[in-house]
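Below is a structure I'd like to ask you about.
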Amino acid sequence: QVHLVESGGDLVQPGGSLRLSCAASGFTVNYYTIGWFRQAPGKEREGVSCIRSSSGNTYYADSVKGRFTISRDNVKNTVYLQMNSLKPEDTAVYYCAATRRGSTCPYAISNNEYPYWGQGTQVTVSS
């Protein structure tokens with residue numbers, strides 16, 4: 001059974017850094033495309049980044065490009081999202097999601113391409 005657990009969310013000051021983890025069980029992350037999404041209060045869920053199965057090619061939304069880095073550890077079966085230079089507008093619940101089906105990653109990211117989701121982790125950027 002596919003299972004995803006996010007962790008690493010916290011309260012951080014603007015300009016700070018966090019690393020989110022997405023621990024996978026029931027499948028091997030190398031064979032699935034993994035995406036990170038976020039949802040701020042009163043806003044729709046948006047795609048942040050994804051890493052393509054096997055190739056490891058990556059995609060970043062314009063809002064995070066140059067600040068966030070997605071990576072995959074096949075030994076730990078975990079995908080990470082390193083977030084630097086955090087801004088108040090990065091405040092949201094962050095979710096990881098997985099799919100083995102075809103997806104637009106690494107050219108784009110879309111909610112409805114991912115059937116498996118974690119429970120989310122809260123990131124708050126505030127002074």
Show the nearest heavy-atom pair for residues Y59 and P106, with the distance to one decimal. CB-O, 3.2 Å
Which atom pair, heavy atoms only, marks the closest approach of R38 to A92?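 Here R38 and A92 meet closest at CB-CB, 3.8 Å.
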Tell me, do Y32 and I34 make a side-chain contact under 4.5 Å, heavy atoms counted?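 Side chain of Y32 against side chain of I34, heavy atoms only: contact under 4.5 Å found.
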What distance do E6 atom CD and C96 atom SG have between them, rounded to the nearest 0.5 Å?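 Reported value, rounded in 0.5 Å steps: 4.0 Å.
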Within a 6.0 Å radius of atom CD on E44, are there more than 12 heavy atoms belonging to other residues, nucleotides or ligands?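 Not more than 12 within 6.0 Å, no.
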When you compare the side chain of C50 with that of Y60, does any pair of heavy atoms fall below 4.5 Å? no
Let's go through T78 and R72 carefully: what are the C-alpha distance in whole Å and the side-chain angles of both, what is the deciding distance for side-chain contact (heavy atoms from CB on, under 4.5 Å) to 0.1 Å, and is it a yes or a no? CA-CA 6 Å; T78 299; R72 183 175 66 203; over 6 Å; no
Step-by-step ring-ring contact (aromatic ring centres under 6.0 Å, His included) determination, W117 to F37: CA-CA 10 Å; W117 290 79; F37 297 80; 4.7 Å; yes
Going hydrophobic residue to hydrophobic residue with side-chain gaps under 4.5 angstrom, can you get from V48 over to L86?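 Cluster IDs for V48 and L86 match.
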Please check: side-chain N/O of S21 versus main-chain N/O of A23, any donor-acceptor pairing under 3.5 Å? no
Cation-pi, Y80 ring and R19 (6.0 angstrom, 45 degrees): yes
Scanning both residues in full, the closest heavy-atom pair of Q119 with L4 reads OE1-O, 3.7 Å
Tell me, do L81 and S49 make a side-chain contact under 4.5 Å, heavy atoms counted?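 Yes, side chains in contact.
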Whether K65 and D62 form a salt bridge (side-chain N of Lys/Arg under 4.0 Å from carboxylate O of Asp/Glu) is what I want to check.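 Looking at K65 together with D62, the answer is yes, because their closest N to O distance falls below 4.0 Å.
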Least distance between heavy atoms, G56 atom then I51 atom: O-CG1, 3.6 Å
Hey, does W36 have a side-chain heavy atom less than 4.5 Å from the side chain of V79?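 Touching, per the 4.5 Å side-chain cut-off.
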Is there a path of hydrophobic side-chain contacts, each under 4.5 Å between heavy atoms, that joins V64 and Y95?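 Result: no, two separate clusters.
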Do V123 and T91 make a side-chain contact, defined as non-hydrogen atoms from C-beta onward lying under 4.5 Å apart?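 A side-chain contact under 4.5 Å is absent here.
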Could you tell me whether a side-chain N or O of R52 sits under 3.5 Å from a main-chain N or O of N57, the two making a donor and an acceptor?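 No, R52 side chain to N57 backbone: no donor-acceptor pair under 3.5 Å.
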Running the 4.5 Å side-chain criterion over Ile, Leu, Val, Met, Phe, Trp and Tyr, what cluster does Y107 land in, apart from itself?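 Same cluster as Y107: nobody, lone residue.
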We want to know whether N112 and S110 form a side-chain donor-acceptor pair, criterion being a heavy-atom distance below 3.5 angstrom.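 Looking only at side-chain atoms, S110 and N112 do form a donor-acceptor pair, the distance falling under 3.5 Å.
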Quick check: do K76 and V29 have side-chain heavy atoms less than 4.5 Å from each other?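 Side-chain contact under 4.5 Å: no.
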Y116, OH: over 12 other non-hydrogen atoms inside 6.0 angstrom: no
List, one per line, each side-chain donor-acceptor pair under 3.5 Å for residues 7-17, sequence neighbours excluded.
unit_1 : atom_1 : unit_2 : atom_2 : d
S17    : OG     : N84    : OD1    : 2.9

For the pair M83 and L20, evaluate side-chain contact (heavy atoms from CB on, under 4.5 Å) and give the outcome as yes or no after the intermediate values. CA-CA 8 Å; M83 306 187 297; L20 305 184; 3.7 Å; yes
Quick one: are F27 and R100 in side-chain contact, heavy atoms under 4.5 Å? no
Any ion pair linking E113 and R101 (charged N to carboxylate O, less than 4.0 Å)? no
Find out whether S25 and Q1 are in side-chain contact, i.e. whether some heavy atom of one side chain is under 4.5 Å from a heavy atom of the other.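 S25 vs Q1: side chains apart.
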All heavy atoms of A98 vs all of P115, minimum pair found to be O-CD, 3.2 Å
Check: A24 main-chain N/O paired with N77 side-chain donor or acceptor under 3.5 Å: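 Flag set: sc N77 to bb A24 pair under 3.5 Å.
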